[in-house]
Amino acid sequence: GDSVTQMEGPVTLSEEACLTINCTYTATGYPSLFWYVQYPGEGLQLLLKATKADDKGSNKGFEATYRKETTSFHLEKGSVQVSDSAVYFCALVNLQGAQKLVFGQGTRLTINP
Amino acid sequence: NAGVTQTPKFRVLKTGQSMTLLCAQDMNHEYMYWYRQDPGMGLRLIHYSVGEGTTAKGEVPDGYNVSRLKKQNFLLGLESAAPSQTSVYFCASSPTGTVSNQPQHFGDGTRLSIL
C-alpha cells in the first residue's frame, strides 16, 4: 500500500540555520503531496502542497518540490526562526485510491535562539 | 470561526470503561475522519465518513465504533477502554474527500489516557 517515510528526528538547529527535512513516498499512480505542521498543543495545519510532478509548494518561507523521479518531497527553509519549532508531517493522498491522507511519522523540529 | 471542535480535550479512564469523543464541524463538510497519533507513528486513520449516515473503517478500527447521525457531528466511541488506546485523537473534516485543493481541516485533539 501507499506509505510515507520521513527523516528521523528530533532535529535541533540554531536560529537562521538552513533546514531540510527529507520525505520519500511509495504510491501507485500520481499522488498529491502535502506538508502539515503541528505547533505545541494544537492540531495539524496545512503548510504547503503540490499536486503534480515538478510542482513547488511554498508558504511562510518553506518550500518543497514534487520529484517524481526520486519519489521525494523534501521540506526546505533557508533561515529558520524560533517560531518554526513544531512537528512536521509529510503526507500523500492517492487520487486513484480511497482518497485518504497517508502520513509519515513526523519530525520534531526545535530552533534555539 | 470555530472550524473543527473536539470535546473533551483531556480524559483519564480506567480499563474497561466506555466513553464517547465528540467532533463537530461548522463548515458544512461532507467528509469526516478520526485519527490517533502515537509517538513515532504519525497519524493513523481509525474510521471515516463520506456523508451523513455513512461510516467506513480506516487503518486501525479495532476497539472503536463511530456514528454520523448528523452531518456536522462525528462521534468516536470506545466500548471497553484498554491501555493500548492511550493516545491523542484528532478529528478532521474536508468538503468532498482529500482532493488536491481541499485538504483536511483538523481539530486541536483529545488526549486520552487509559489506566
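Keep in mind that the numbers below use all heavy atoms, side chains included, and drop hydrogens, waters and symmetry copies. In the text below, chain A, chain B and the rest are named by the order of the sequence lines, each starting its count at 1.
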Can you confirm whether more than 12 heavy atoms, excluding those of E69(A), are under 6.0 Å from its CD atom? yes
Crowded around Q17(B) CD? As in, over 12 foreign heavy atoms under 6.0 Å? yes
What orientation do F106(B) and Y35(B) show, parallel under 30°, tilted 30 to 60°, or perpendicular over 60°? tilted
Contact between F34(A) and C23(A) at the side-chain level, heavy atoms closer than 4.5 Å - yes or no? no
Donor-acceptor contact below 3.5 Å, side chain Q81(A) vs main chain S83(A): no
Part of L46(A) within contact of chain B (heavy atom distance under 4.5 Å): side chain
Segment of Q38(A) engaging chain B (4.5 angstrom heavy-atom cut-off): side chain
Could you have a look at G9(A), G43(A), A91(A) and say which one has the most heavy-atom pairs with chain B under 4.5 angstrom? G43(A)
Output the option from K9(B), R44(B), Q37(B) having the highest count of non-hydrogen pairs under 4.5 Å with chain A. Q37(B)
Answer with side chain, backbone, both or neither: which region of L45(B) has an atom nearer than 4.5 Å to a non-hydrogen atom of chain A? side chain
